[in-house]
Amino acid sequence: MKVLLRSLITAGLFGAAIPAFADGIPAKPRLVVLISIDQFRADYLTRFEDLYLPPVSGKKVGGFRYLMEKGAYYPDAHHDHVPLSTGPGHSVLLTGAPPYKSGIIANDWWDRATNKLIYCVQDDTVQIVGSDSKIVKASPEHLKVTTLGDELKMTTGRQAKVFGLSLKDRASILMAGHLADAAYWFDPIAGQWISSTYYFKDDKLPDWMVKLNSSRPTDVFYNKVWDFSEGDAAKKRLFTPTGEYAADVSGMGTMFPHKVSSKSGKPDANYFKAFTTSPFGNTYVFNTARELIKQEALGQDNITDILAINLASNDYVGHAFGPDSAEMLDIAVKTDKELSDFFNDLDKSIPGGLGSVDIVLTADHGVAPIGPMAHKAGLPGGSWPKKAVLDAVNAALVERFGPGKYTADYSEPYLWLDHEVIKAKKVDLAEAQTIAAKAAMASGRTTDGIPALYAAFTPAQILSGSLPPTDISRHLALGFHPLLSGDVLIVAMPGVMPSDYPTGTTHSEPYAYDTHVPLLIAGTGIRPGTYTERVSTLDIAPTLAFLLHVNQPSGCEGRILTRAMLNDGPRGK
């Protein structure tokens, strides 16, 4: 019966068979590929489904629809933490640990030791490898838990190969982990792949990567035109087709067609920003992934390897044009085609084809509708000037404690006080935090004068468990680290965002447009089907740990998605 079931499930996979079970334990895949599409909301799967490739056509598989119909599809998957940003969102995927354990509480946070903002993968003790550009030196130093790749490395005596690949350093590093063979990310100044001496202690990239960089694969996209590919009929479903609220990235314009170029007449930092804010950025990432698989011989033996890929261009496009734009529709459709090509190449290059590969597709967060657009249309939304809130908080503290500069900064979702000033003035910190929270709430209004903030909580409220028993409170608690988080945790009203985004949009809040992301799993040991129970992105790591026969990562608190396991019963007969 089990053999028959496996045969039925793998129909259409070019004859690839899922490896047999032994004593009720699923066989391990040769390769795990986790693909995180940056800022890809769950509704994009069904909203544009008719424009995607079919699940299987002849001898080729499609992209999204292949995973939705031939894998386990979870249409109600959510992130459970705050803030909904790239660093925290990627840190949970292969750790199963929310920020209160992982230490990745935001993209940036205030460092009390240096009295300045620190970046989530910043590590000044390492050096950039592969470029002389003056950019952030990065490593997984701030990640306080292990990843699935770390556990796999320990289980296999370092024989397994683990890689991370993304245009963004924080995505690549936080998915790959501490023991990875390498994490690669994009140098936006030089326009090539780089890493750090954390991974390459000899200060040298592998020869194949040096050769790839030397060939300048990004240059072939210079002066290319990105145009809408789906016709006028597809545009009728769009809420913001005119580009009125879009941001003009690197002179590409706010409406199609977009020329990916620069004023200098040659590839430069301005061009690379435009290039990454287009579907061409994803093409570059997938082409590099193919070369990495080939050169590092991933999936070629019986020891499972891991490749974690982030597609950051979708995020850049979403920020600039919004979730209801022609650009977002177009890059989603083009991503589907890229996925299809990549899956078909995996089927050819990995022994056993797709039947011996586990593919997980998800996202680090969603995105809010463009605030001013939403407000104009009569929807809840808008923007709030964070400087006005900082000024009001400081004024309230001055009134209570006397002259001084009490506020340090605001970085979503935290407002930070200057503890040195508070200490020097012998001010009670808890009292200052309470005053700051009340002042923030009183002053937090949108540019249209309506209340902008839902709540402002202090560390004492969170740590004492005195928050109201709501979904928002749960998100806040899972995101709060007692040693790292800020003095006031600010939650905006639904649809409202900081005024750093007068055009375009952003993400960060504990609302469905930010928390609701895709979760698709296909391959070895997976029972295809649509599973409508609510699940968490924290569930990815323990599920994969079960399939790989390794220990769950150290901070893991998700659960195994047992309904999608081909055999979820006890060992043996």
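Throughout, residue positions are numbered sequentially from 1 according to the sequence presented.
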Problem - Arg47 with Asp324: basic N within carboxylate O range, under 4.0 Å - result: yes

Problem - Leu478 CG to His79 NE2 distance, which is reported to the nearest 0.5 Å - result: 13.0 Å

Handout entry: Heavy-atom side-chain proximity of Leu519 to Thr537 below 4.5 angstrom
Key = no

Exercise for the section: Establish, yes or no, whether a centroid distance under 6.0 Å links the rings of Phe480 and Tyr100. Expected result: no

Exercise for the section: Using a strict cut-off of less than 4.0 Å between a Lys/Arg side-chain nitrogen and an Asp/Glu carboxylate oxygen, indicate whether Lys116 and Asp409 qualify as a salt bridge. Expected result: no

Problem - Residues Arg112 and Asp487 bridged, charged N to O under 4.0 Å - result: yes

Practice task
Flag the pair Asn394 / Val398 as yes when at least one side-chain heavy-atom distance between them is below 4.5 Å, and no otherwise.
Solution key: yes

Practice task
Report yes if the side chains of Asp108 and Ile118 come closer than 4.5 Å at any heavy-atom pair, otherwise no.
Solution key: no

Handout entry: SB check Glu230 Lys334 (cutoff 4.0 Å)
Key = no

Practice task
Return the minimal non-hydrogen interatomic distance between Ser195 and Tyr184, and the atom names on each side.
Solution key: CB-CD2, 4.3 Å

Practice task
Evaluate the side-chain proximity of Phe280 to Val260: yes if any heavy-atom separation is below 4.5 Å, no if none is.
Solution key: yes

Problem - Salt-bridge criterion met for Lys405 and Asp418 (N-O under 4.0 Å) - result: no

Problem - Considering all heavy atoms, the nearest Ile370-Gly504 contact - result: CG2-O, 3.5 Å

Handout entry: Test: Arg400 and Glu431 ion pair at under 4.0 Å
Key = yes

Handout entry: Side chains of Trp226 and Pro279 in contact at under 4.5 Å (non-hydrogen atoms)
Key = yes

Problem - Qualifying residue, where the test is side chain to side chain contact (heavy atoms under 4.5 Å, CB included) with Asn282 and the options are Asp38, Leu311, Thr276, Ile309 - result: Leu311

Problem - Cationic tip of Lys235 above Phe228 ring, under 6.0 Å, 45° of axis - result: yes

